[in-house]
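Start at 1 and go down the list; that is how both ligands and their atoms are numbered.
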Amino acid sequence: ESAAETAEAEKEVAAEKEVAAAGGGVEDKYGEDRATEELPVTPWAFSVASGYTLLRDPHHNKGLAFTERERDAHYLRGLLPPGVVSQDLQVKKIMHNLRQYKVPLQRYVAMMDLQERNERLFYKLLIDNVEELLPVVYTPTVGEACQKYGSIFRRPQGLYVSLRDKGKVIDVLRNWPERNIQVIVVTDGERILGLGDLGCQGMGIPVGKLSLYTALGGVRPSACLPITIDVGTNNEQLLNDEFYIGLRQRRATGEEYHELMEEFMDAVKQIYGEKVLIQQFEDFANHNAFDLLAKYSKSHLVFNDDIQGTASVVLAGLLSSLKVVGGTLAEHTYLFLGAGEAGTGIAELIALEISKQTNAPIEECRKKVFLVDSKGLIVSSRKNSLQPFKTSWAHEREPVTTLLDAIKSIRPTVLIGTSGVGRAFTKEVIEAMASFNERPVIFSLSNPTSHSECTAEEAYKWTQGRAVFASGSPFDPVEYDGKIRVPGQGKQCLYFPWIWPWCCDFWSNPRT
Ligand code: NAD
């Protein structure tokens with residue numbers, strides 16, 4: 001036996017010498033090195049939380065709702081007061097507390113604190129009180145939150161990819177602790193709501209949007225990833241703000257910008273795969289939004305919420321309005337103030353739907369839709385100077401420069417505001433609509449509330465209560481002539497309950 005052992009030991013030594021001579025260390029008999037070669041080395045580890053740590057883990061913490069049995073099983077005895085409070089009672093208590101805050105931003109901060117403390121309770125609260133809390137976690141409050149993100153910033157939320165990460169974006173994505181990501185919402189912060197360039201502080205938007213994906217669309221919170229691409233900001237106020245949390249430089253453009261985006265899009269696909277992923281572009285300025293959508297829709301499952309999401313909700317709103325005002329989509333005439341992502345996106349979907357309903361060529365259907373931008377009505381004589389995404393709307397007409405003149409010349413039945421210019425639907429504008437329409441349809445979609453083209457009250461008052469009105473940000477019901485009128489809200493997130501099942505269906509049967 002000992003002779004056999006000696007021979008075996010000599011063999012092992014010889015083998016190790018051979019490996020060492022070849023420049024290696026100990027022979028990798030069990031493939032251990034190979035296992036680590038192929039997997040990225042991550043700087044974090046999974047552990048099962050219990051006791052004190054469990055109470056500080058927002059994904060699993062239930063606070064006082066832990067039952068007696070759970071308190072024993074998870075070493076929580078003594079770490080909580082003895083009272084057990086049901087989740088329903090917790091919801092009641094938090095709603096009571098939230099309603100004490102008079103300033104909307106305080107409610108926003110309280111909701112974010114809850115999300116960081118007890119995720120289950122946060123989503124239960126949101127699901128049970130969606131109408132009341134939507135304006136808190138999303139527009140209009142999220143706009144103010146983004147503007148002040150630097151000073152209300154507590155724990156970082158979401159993932160930041162900045163110009164400094166160029167060349168190692170994949171490593172940044174690997175730092176995110178979840179692997180099974182199904183929905184990403186990404187912004188570069190250049191056009192946040194109607195508030196303009198908020199740079200890195202745009203993070204409030206993907207975070208808020210994704211909480212709605214969970215509350216309205218049923219997507220697991222851990223499968224959602226909010227991302228902000230920080231390429232700088234041209235917002236002087238932020239650049240000079242000592243509390244600004246982003247890169248303190250002017251926005252990168254051109255090749256530098258597109259190289260980072262390309263690296264990011266490749267890294268996303270490499271890490272999370274392409275199948276169970278919706279990647280939603282959010283609040284990009286329109287000079288990038290249209291190009292990014294066109295470029296990446298060939299290789300990734302992407303969509304742009306501002307261009308396509310808004311359009312689907314507004315088309316649904318128009319179809320509902322027809323029940324009140326009568327006629328078919330094709331029998332109406334549409335005028336937009338604002339010819340950017342939202343305006344041209346909605347305009348195109350209206351034309352597509354008319355084309356589908358009437359079998360007419362899309363070019364003919366586009367003739368029912370007119371758009372006014374900051375330079376006036378979009379007409380053929382402006383074609384050479386228009387941005388490419390506006391050219392399909394350059395109809396043969398006399399140029400006019402004001403919205404009022406456009407209304408008088410086109411006599412639209414539907415007026416839609418997507419300009420981001422607050423109070424642009426003046427008394428004259430709304431009265432002009434009411435002068436030749438029995439039931440003028442007026443959608444004032446710009447956000448936040450201060451940028452809405454008119455208020456619900458103005459729309460009803462100046463049309464003697466005849467307007468069919470909807471807005472992007474919510475307005476309270478209005479009493480006019482003894483009747484209560486409840487304005488509709490045209491918000492992208494209303495299609496979230498539909499988009500996720502659609503994606504799942506799409507991937508299970510892409511041909512349909
Ligand atoms: P955008 O920057 O792409 O487009 C804005 C458009 O308005 C541009 O065509 C610009 O020329 C035009 N404009 C600016 N000033 C004008 C003026 N004084 N007169 C006429 N036109 C003017 O922005 P966007 O993504 O299209 O968003 C526009 C607004 O719509 C924002 O306030 C945004 O919050 C809102 N929006 C609402 C929803 C919703 O669900 N309700 C969805 C998306 C966007």
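- Under 4.0 Å from ligand 1, not a single heavy atom of K375 appears.
- Near V421, with a cut-off below 4.0 Å to any heavy atom, the atoms of ligand 1 are 15 (N), 16 (C), 17 (C), 18 (N).
- Atom numbering of ligand 1 starts at 1 in the shown order; those under 4.0 Å from a heavy atom of G472 are 41 (N).
- Counting only distance, with no hydrogens or angles, the side chain of R382 and the backbone of A394 share no donor-acceptor pair below 3.5 Å.
- Near G420, the atoms of ligand 1 lying under 4.0 angstrom from a non-hydrogen atom of the residue are 29 (C), 32 (O).
- In this structure, E453 and L415 have side chains that are not in contact, with every pair of non-hydrogen atoms separated by 4.5 Å or more.
- Nearest protein heavy-atom contact of atom 37 (C) of ligand 1 is L445 O, 3.1 Å.
- Taking the six-membered ring for Trp, F290 and F389 have ring centres closer than 6.0 Å.
- Not a single heavy atom of H451 sits less than 4.0 Å from an atom of ligand 1.
- Set against the non-hydrogen atoms of N286, the atoms of ligand 1 under 4.0 Å away are 1 (P), 2 (O), 3 (O), 4 (O).
- With a 4.0 Å heavy-atom cut-off, ligand 1 is reached by the side chain of L337 but not by its N, CA, C or O.
- For ligand 1, the atoms sitting less than 4.0 Å from at least one non-hydrogen atom of G340 are 1 (P), 3 (O), 4 (O), 6 (C), 8 (C), 9 (O), 26 (O), numbered in the order shown with element in parentheses.
- Between the side chain of H395 and the backbone N or O of R366 there is at least one donor-acceptor pair closer than 3.5 Å.
- Looking at R397, its side chain never comes within 3.5 Å of a backbone N or O of P399 through a donor-acceptor pair.
- Heavy-atom proximity to R191, at under 4.0 Å, picks out these atoms of ligand 1: 2 (O), 23 (O), 24 (P), 25 (O), 27 (O).
- Near A342, meaning under 4.0 Å from any of its heavy atoms, are these atoms of ligand 1: 24 (P), 25 (O), 26 (O), 43 (C), 44 (C).
- Note: an N/O pair closer than 3.5 Å links N447 and ligand 1 by distance alone.
- Between F281 and Y296, the ring planes are tilted. Angles from 30° to 60° get that label.
- With a heavy-atom cut-off of 4.0 Å, T310 touches ligand 1 through its side chain alone.
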